Peer 1: 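Can you read through this structure? Questions will come right after.
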Amino acid sequence: MACWLLKSEPDAFSIDDLQHLGKAPWDGVRNYQARNHIAHMQPGDLFLFYHSSCSPPGLAGCGEIISSPYSDQSALDPNSSAFDPRASADKLPWLCVDVRWREKFPCFVSLSALKACSELQHLQLLKRGNRLSVMPLMDNDFNLMVKLGGGITTAC
DNA sequence: GCCAACGTTGGC
DNA sequence: GCCAACGTTGGC
């Protein structure tokens, strides 16, 4: 079992949206480094749900990966904001996974709170200029951040 | 392969 | 809205 951090703009898709739906495809990722991380996901993996480009940005909750990676068909949909004009059914380079809601943290963990945590300074998320929307986490870091949020999920 | 121009992300 | 940082594109 591995741990991940997934970013989403809450205006587009939030932890509450995932809670209401129960499960949803995590699609629309259009960055090769992020895609390569998705390729390594497995059912049973856990992830932290990060709200980006909002005020305040930070960790809102967590969930579980419930599918293997599969082709992201939203790249073929001209009405989708994730439409990729270069993609075709034959050449579909993008991947997505299905995810399930686990919990919304009792205490939202703001980016400033993460920056203030000395044990988390090595996180890719906190590196200057970081833009990656899918990144791997070590179990220890996942557990610590869940704890900061007052959550109950643990990676073993 | 280099690099300038451009587009996007995301915090502030 | 601004801007820094990064990724991608495309000419050469």
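Here is the naming used below: chain letters follow the sequence lines, and residue numbers restart at 1 for every chain. Remember, predicted model here, so these are calculated numbers, not experimental data. In what follows, every heavy atom counts, from backbone to side chain, and hydrogens, waters and symmetry copies are set aside.
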Peer 1: Would E9(A) and S52(A) count as having a side-chain donor-acceptor pair, cut-off 3.5 Å?
Peer 2: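 No - no donor-acceptor pair under 3.5 Å links their side chains.
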Peer 1: Using the closest heavy atom to pick a nucleotide of DNA chain C for each, name whichever of N31(A) or R86(A) lands nearer the 5' end.
Peer 2: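 Going by which nucleotide is closer to the 5' end, it is N31(A).
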Peer 1: For residues 49-63 of chain A, which residues have at least one heavy atom under 4.0 Å from DNA chain B?
Peer 2: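 Those residues whose heavy atoms fall under 4.0 Å from DNA chain B, taken from residues 49-63 of chain A in numerical order, are Y50(A), S52(A), S53(A), P57(A).
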Peer 1: Assess the residue pair W26(A) and F49(A) against the criterion (ring pair (Phe, Tyr, Trp, His ring centres under 6.0 Å)); give the C-alpha distance rounded to whole Å, side-chain angles, the decisive distance to 0.1 Å, and a yes or no.
Peer 2: CA-CA 11 Å; W26(A) 196 280; F49(A) 197 132; 5.1 Å; yes
Peer 1: Under 4.0 Å from any heavy atom of chain A: name the first and the last nucleotide of DNA chain B that qualifies, 5' to 3'.
Peer 2: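 Footprint of chain A along DNA chain B, 5' to 3': dG7(B) to dC12(B).
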Peer 1: Using atom types as modelled and distance alone, determine if a side-chain donor or acceptor of H37(A) lies under 3.5 Å from a backbone N or O of L132(A).
Peer 2: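 Side chain of H37(A) to backbone of L132(A), a donor-acceptor pair under 3.5 Å: no, none is there.
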Peer 1: Please answer whether the main-chain N or O of Y32(A) pairs with a side-chain N or O of N36(A) as donor and acceptor at a distance below 3.5 Å.
Peer 2: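 At least one qualifying donor-acceptor pair exists.
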Peer 1: If we count only N and O atoms by modelled type, under 3.5 Å, do the side chains of S88(A) and D90(A) hold a donor and an acceptor together?
Peer 2: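 Their side chains do not contain a donor-acceptor pair, so the 3.5 Å distance test is not met.
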Peer 1: With heavy atoms under 4.0 Å as the rule, sort K115(A) into base, sugar-phosphate or nothing.
Peer 2: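 Sugar-phosphate only.
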Peer 1: Pairing donors with acceptors under 3.5 angstrom, does anything connect the side chains of S74(A) and R30(A)?
Peer 2: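 Checked: S74(A)/R30(A) side chains pair up, N/O donor to acceptor below 3.5 Å.
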Peer 1: For K115(A), does its backbone N or O pair with a side-chain atom of Q121(A) as donor and acceptor, under 3.5 Å?
Peer 2: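 It does hold such a pair.
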Peer 1: Does R30(A) reach a base, just sugar-phosphate, or nothing at all? Heavy atoms under 4.0 Å.
Peer 2: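 R30(A): no heavy atom of the nucleic acid under 4.0 Å.
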Peer 1: Y70(A): which other cluster members, linking ILVMFWY side chains closer than 4.5 Å, directly or transitively?
Peer 2: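 Members other than Y70(A) - counting any ILVMFWY side chain reachable under 4.5 Å - there are none.
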